[in-house]
Structures are given as structure tokens and as C-alpha cells.
Amino acid sequence: GQLATGATKVKAALETGEAIALVTATDAADDGKKKMLATLKASSKAAEELGLPGANRPHFELLDSAQLGLALGIESVIHAALTKGAAGEAATQRASRLARYVAN
């Protein structure tokens with residue numbers, strides 16, 4: 001329950017501040033990726049201006065759509081948002097560690 005998939009649900013989670021991280025498949029189309037990142041930036045800026053938490057939400061682009069789908073038990077995932085709660089926060093921490101590992 002702490003994961004949203006699909007462009008519409010992910011965008012809504014970002015706009016409402018429910019999302020704590022954005023996950024995008026490495027093989028996502030550039031225009032879709034740009035739209036999600038623009039939504040992430042706009043909602044983060046709004047949160048910052050209002051002094052609300054969630055201004056610095058990470059964006060992860062580590063796996064392709066098939067790998068994300070396999071990890072989540074869904075056929076194919078292009079966009080996902082991790083949402084507030086213990087499971088979402090744990091997944092965000094694991095993704096951060098994976099991102100650091102991949103970067104090295």
C-alpha cells in the first residue's frame with residue numbers, strides 16, 4: 001500500500017505530497033520522464049515554500065521497466081512513487097544504497 005504505479009497515480013502522489021520518492025525506469029520515454037521530473041520539482045518547490053516536509057524527495061533511475069516489474073510483481077513498470085510509511089521509507093533507503101553502489 002506504500003507504492004503507486006502508473007503515470008496518473010504517480011503524478012497525483014507527487015502533487016499531494018504523499019510520495020517520498022520517485023522511481024523511473026531507465027528505458028522510460030524522455031517526454032514521460034521529463035513530465036514526472038517537472039511534477040516532482042514543482043511539488044517539491046511548493047512544499048519548500050510552505051515549509052512542509054517533502055521538499056527534497058529523491059529520484060531513482062536504476063532499473064529498466066522489466067526489472068522494476070519483476071521486483072514489484074507487475075508485468076512492466078515505467079513510473080512508481082514510494083509513499084509515506086515504514087515500507088516506503090525502507091524501500092527508499094534501500095534504493096539510496098543501491099544508487100550509491102551503482103555509482104561507484
Side-chain angles (χ1 to χ4, degrees):
Q2 294 174 4
L3 175 77
T5 58
T8 303
K9 291 179 185 176
V10 171
K11 185 175 180 184
L14 290 169
E15 291 173 340
T16 62
E18 186 65 23
I20 60 172
L22 172 64
V23 180
T24 305
T26 57
D27 56 345
D30 285 338
D31 61 331
K33 189 184 326 181
K34 287 178 185 177
K35 288 177 186 177
M36 282 299 164
L37 288 173
T39 301
L40 175 65
K41 287 181 183 181
S43 62
S44 294
K45 184 176 180 180
E48 182 179 354
E49 289 174 355
L50 295 172
L52 300 172
N56 292 322
R57 293 173 289 177
H59 171 241
F60 301 107
E61 194 173 341
L62 303 167
L63 305 171
D64 66 29
S65 58
Q67 292 168 324
L68 278 174
L70 183 63
L72 300 173
I74 304 171
E75 187 173 327
S76 178
V77 176
I78 302 296
H79 304 290
L82 298 166
T83 59
K84 296 176 183 176
E89 291 170 16
T92 300
Q93 290 172 354
R94 288 184 179 111
S96 292
R97 284 193 296 260
L98 178 59
R100 285 193 303 273
Y101 177 77
V102 170
N104 291 328

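No experiment lies behind these values; they were computed from the predicted model shown. Here, residue 1 is the first one in the sequence, and each next residue gets the next number.
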### Task
Evaluate whether atom CD of E15 has more than 12 neighbouring non-hydrogen atoms of other residues, nucleotides or ligands under 6.0 angstrom away.
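Yes - once you tally the heavy atoms of other residues, nucleotides and ligands closer than 6.0 Å, there are more than 12.
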### Query
Are V10 and M36 close enough, and set up right, to give a side-chain contact (heavy atoms from CB on, under 4.5 Å), and what steps lead you there?
CA-CA 8 Å; V10 171; M36 282 299 164; 3.8 Å; yes
Tell me the closest heavy-atom pair linking [X] and [Y], and the distance in Å.
X	Y	answer
D64	A25	C-CB, 3.9 Å
A21	F60	CB-CE1, 3.9 Å
L82	A91	CD2-CB, 3.9 Å

### side chain to side chain donor-acceptor pair (under 3.5 Å) involving T24 - partner list, sequence neighbours excluded
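Testing T24 for side chain to side chain donor-acceptor pair (under 3.5 Å), a comparison that skips the adjacent residues, returns H59.
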### Task
Under the side chain to side chain donor-acceptor pair (under 3.5 Å) rule, collect the residues that match up with E61, sequence neighbours excluded.
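E61: side chain to side chain donor-acceptor pair (under 3.5 Å) contacts with K33.
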### Message
With a 4.5 Å cut-off on side-chain heavy-atom distances among I, L, V, M, F, W and Y, is there a chain of contacts connecting L68 to I20?
### Response
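In one cluster with L68: I20, yes.
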### Task
Say whether L70 and L63 are linked into one hydrophobic cluster, either directly or through other cluster members, by side-chain heavy-atom distances under 4.5 angstrom.
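L70 does not cluster with L63.
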### Message
With no hydrogens and no angle check, just 3.5 Å: does a side-chain donor-acceptor pair link R57 and T92?
### Response
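The answer is no; no qualifying pair exists.
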### Task
Could you tell me whether a side-chain N or O of D27 sits under 3.5 Å from a main-chain N or O of S65, the two making a donor and an acceptor?
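Side chain of D27 to backbone of S65: a pair is present.
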### Task
Say whether, by atom type as modelled, one donor and one acceptor occur between the side chain of Q2 and the main chain of A87 under 3.5 angstrom.
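Yes.
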Rounded to the nearest 0.5 Å, how far does [atom2] of [Y] lie from [atom1] of [X]?
X	Y	atom1	atom2	answer
Q67	T26	CD	OG1	6.5 Å
K41	K34	NZ	NZ	11.0 Å
L37	L22	CG	CG	6.0 Å
S44	L14	OG	CG	8.0 Å
S43	K11	OG	NZ	10.5 Å
L98	L62	CG	CG	5.0 Å

### side-chain contact (heavy atoms from CB on, under 4.5 Å) evaluation trace for T83 with L3
CA-CA 6 Å; T83 59; L3 175 77; 5.9 Å; no
